[in-house]
Peer 1: 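Mind looking over this structure? Questions follow.
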Amino acid sequence: MSKTHNPRYYITTPIYYVNDVPHIGHAYTTIAADVMARYRRLRGDDVFFLTGSDEHGLKIEKAAEGNRERPIDLADRVVTGFMKLWKRLNISTNDFIRTTEERHRITVQHFFEHIKARGDIYLGEYQDWYCIPCESFWTDTQLIEGKCPDCKRVVEKLKEESYFFRMSRYQEQLLDYIEKNPDLIQPSYRKNEVVSFVKSGLRDLSISRTSFKWGIPVPGDERHVIYVWFDALVNYITAAGYPGDMERFNDTWPADLHLVGKDILRFHAIYWPTFLMAAGLPLPKKVFAHGWWTVEGEKMSKSKGNVVDPNEIIDRYGVDQFRYFLLREVPFGLDGDFSTTALVGRINGELANDLGNLLSRSIAMTIKYFDGVIPAPCSSEEIDRELIRTAEEAVSGLDGAMKEVAFQRGLTNIWSVVSFANKYIETNAPWALAKDEAKKERLQTVIYNTLESLRVTAILISPFMPDTAVKMWEALNIPTLFDEVKIGDARWGGLKTGTTLSKPAPLFPRVEEK
Ligand code: MSP
């Protein structure tokens, strides 16, 4: 089949459980995925960006029971909250999948039957410990002091007839695949954890339940519903068109990047690849696990009442400020702490002082010295070339960082332009040049270069702070629509001269810590 479009880039977030309203943990993965999706579009890729909701399973059934409502009503209500938040956060998804949709039921049942027909699903009996909050099984030896080794909560003994997936059969094949594809599981310290887990032995996996109803029925045996993780992981191929639209599927799958939190890496790096192997489908190219946020130094939990609602942060501090903070504060992959002090510090420092002031004073000088008309650059001195080099290096540095899913490094690369542009103004002192008519040409050059560095910065920050990029674009009065901008436009010298600028509103109002 011939491909007529640009390179395809398929990126996913986890699909979120609907027993809980969205918090910063959910926002984190989704914002990170959005930044990557926007960056790839900026590079010209044909991006397919997917998020959604995980709506089946005992956990959701119990939560609905507790509220005396039907699970689907609970799901409908909570999903609306997620969708609204993604809209506010400027999340540019191409699809939103709910596991209760018909298209997903068809895919899951087909996938199940297909693997069964290939001999890797069988009926057996199951007896183990089950942790409902984690939707995970544990053997006696895995329990820690009789409790779930992940969340330390009480587990229940389950004994029932169950369909099993022959995961044990794939242990060596998976280890071999991981070794030959060192990029599959990232960061590498997490890959090592996965490898030692697999080496400790893969057991067959129970993938159906008879003890509750809220799930997708096993085809041909309706007493059973399919285990929620088997159901949930399949969302990534449902949305790509499997099996109804194989042309689109073959064109979209495998995913280039599954972004997940470290707590659910095992499901994505062990279960999912072995399911796909059993089905004879290609494996995702990369699974990247990020770390967890604490809040003001403490683990976030409902019982502590310290769960951060992203809506409140946006109301108080702004969307781009929140997006920036999450990706700037910690290297992607490591754990981090969300604190008001840190957030306010970055907003007032890097955003308001470094970037916001750079824009407002550059435009103010253009107005003061050139009646707002962007002047033409003339001479070129070493410091100008250094500024240009810094901008060029930021473009390639950002690209390298994004290939490694290193958002923080991407941002520090961009900030090297912002910092250098500020230093450039101080060193060249336009206010002094303006006093001497003989230095008029030098003044033109300095103002042009400063404005041009802002144009380049606007392009580079756009995946991270899409609203801010457009505001900067408008402040620089650039006629092209920002939507049409591509990374190639970040080449130095793109700013047209002769356009008139006027005083913009501050990009980032300074904030007080409450
Ligand atoms: N439904 C499963 C995923 C199925 S994917 C096929 C699930 N859902 S979840 O609602 O619990 O959300 C999971 C995501 O939120 C995970 O990526 C998890 O790491 C992330 N976070 C939850 N709390 C978090 C923090 N405190 N910090 C960062 N991310 C956290 O698991």
Side-chain angles (χ1 to χ4, degrees), residues 11-33 50-60 63 74-75 78-79 81-82 85-86 96-100 104 107-108 111 131-136 150-151 190 214-216 226-240 255 257-273 275-276 284 287-304 306-310 313 322 325-327 329-339 407:
I11 177 168
T12 69
T13 74
I15 50 172
Y16 303 107
Y17 287 130
V18 290
N19 62 322
D20 207 359
V21 293
H23 56 61
I24 51 166
H26 307 121
Y28 186 45
T29 330
T30 313
I31 289 170
L50 177 71
T51 191
S53 50
D54 192 353
E55 307 188 1
H56 288 132
L58 189 52
K59 176 161 55 185
I60 310 298
L74 167 77
V78 176
V79 157
F82 272 98
L85 176 63
W86 300 153
F96 187 105
I97 184 161
R98 299 182 55 176
T99 54
T100 48
H104 185 61
T107 304
V108 170
F111 192 69
C131 173
I132 301 174
C134 296
E135 300 274 22
S136 282
D150 269 1
C151 73
R190 298 247 176 258
W214 184 236
I216 297 177
I226 293 173
Y227 170 47
V228 65
W229 272 103
F230 190 94
D231 166 341
L233 289 160
V234 172
N235 91 84
Y236 302 130
I237 57 173
T238 303
L257 180 59
H258 289 315
L259 278 188
V260 300
K262 61 178 183 179
D263 53 318
I264 56 171
L265 178 62
R266 192 160 40 94
F267 301 99
H268 285 83
I270 302 174
Y271 292 11
W272 184 223
F275 295 169
L276 290 165
V287 179
F288 194 105
H290 64 67
W292 269 46
W293 289 94
T294 49
V295 173
E296 309 284 349
E298 293 208 53
K299 194 172 176 224
M300 197 164 60
S301 81
K302 271 193 210 162
S303 51
K304 283 206 191 100
N306 65 345
V307 177
V308 179
D309 176 358
I313 305 292
F322 181 48
F325 177 80
L326 290 180
L327 295 180
E329 182 71 0
V330 271
F332 203 63
L334 299 182
D335 294 337
D337 184 51
F338 189 90
S339 76
F407 299 103

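Whatever order the structure lists ligands and atoms in, that order sets their numbers, starting from 1.
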Peer 1: On the 0 to 90° scale, with breaks at 30° and 60°, tag the Trp293-Phe338 ring pair as parallel, tilted or perpendicular.
Peer 2: perpendicular
Peer 1: In a simple table, one pair per line, please give the protein and ligand 1 atom names for every N or O pair closer than 3.5 Å, along with the distance.
Peer 2:
| residue | atom | partner | partner atom | Å |
| --- | --- | --- | --- | --- |
| ligand 1 | 1 (N) | Ile15 | O | 2.8 |
| ligand 1 | 1 (N) | Asp54 | OD2 | 2.7 |
| ligand 1 | 10 (O) | Tyr17 | N | 3.0 |
| ligand 1 | 10 (O) | His26 | NE2 | 3.4 |
| ligand 1 | 17 (O) | Gly261 | N | 2.9 |
| ligand 1 | 19 (O) | Asp263 | OD1 | 2.6 |
| ligand 1 | 19 (O) | Trp292 | NE1 | 3.2 |
| ligand 1 | 26 (N) | Trp293 | O | 3.2 |
| ligand 1 | 27 (N) | Trp293 | N | 2.9 |

Peer 1: Keeping to residues at least two apart or across chains, list the salt bridge (charged side-chain N to carboxylate O under 4.0 Å, His left out) pairs with something in residues 14-25.
Peer 2: Asp20-Lys302
Peer 1: Please tabulate, for side-chain N and O atoms in residues 226-234, each donor-acceptor pair with protein atoms closer than 3.5 Å (sequence neighbours left out).
Peer 2:
| residue | atom | partner | partner atom | Å |
| --- | --- | --- | --- | --- |
| Tyr227 | OH | Glu135 | O | 2.8 |
| Asp231 | OD1 | His104 | NE2 | 2.9 |
| Asp231 | OD2 | His56 | ND1 | 2.6 |

Peer 1: Report the residues that fulfil side chain to side chain donor-acceptor pair (under 3.5 Å) with Tyr236, sequence neighbours left out, ordered by chain and then residue number.
Peer 2: His268
Peer 1: Please verify the inter-ring angle class for Tyr271 with Phe275; under 30° counts as parallel, over 60° as perpendicular, anything in between as tilted.
Peer 2: tilted
Peer 1: Fit a plane to each ring of Trp86 and Phe82, take the angle between them on a 0 to 90° scale, and name the class: parallel (under 30°), tilted (30 to 60°) or perpendicular (over 60°).
Peer 2: tilted
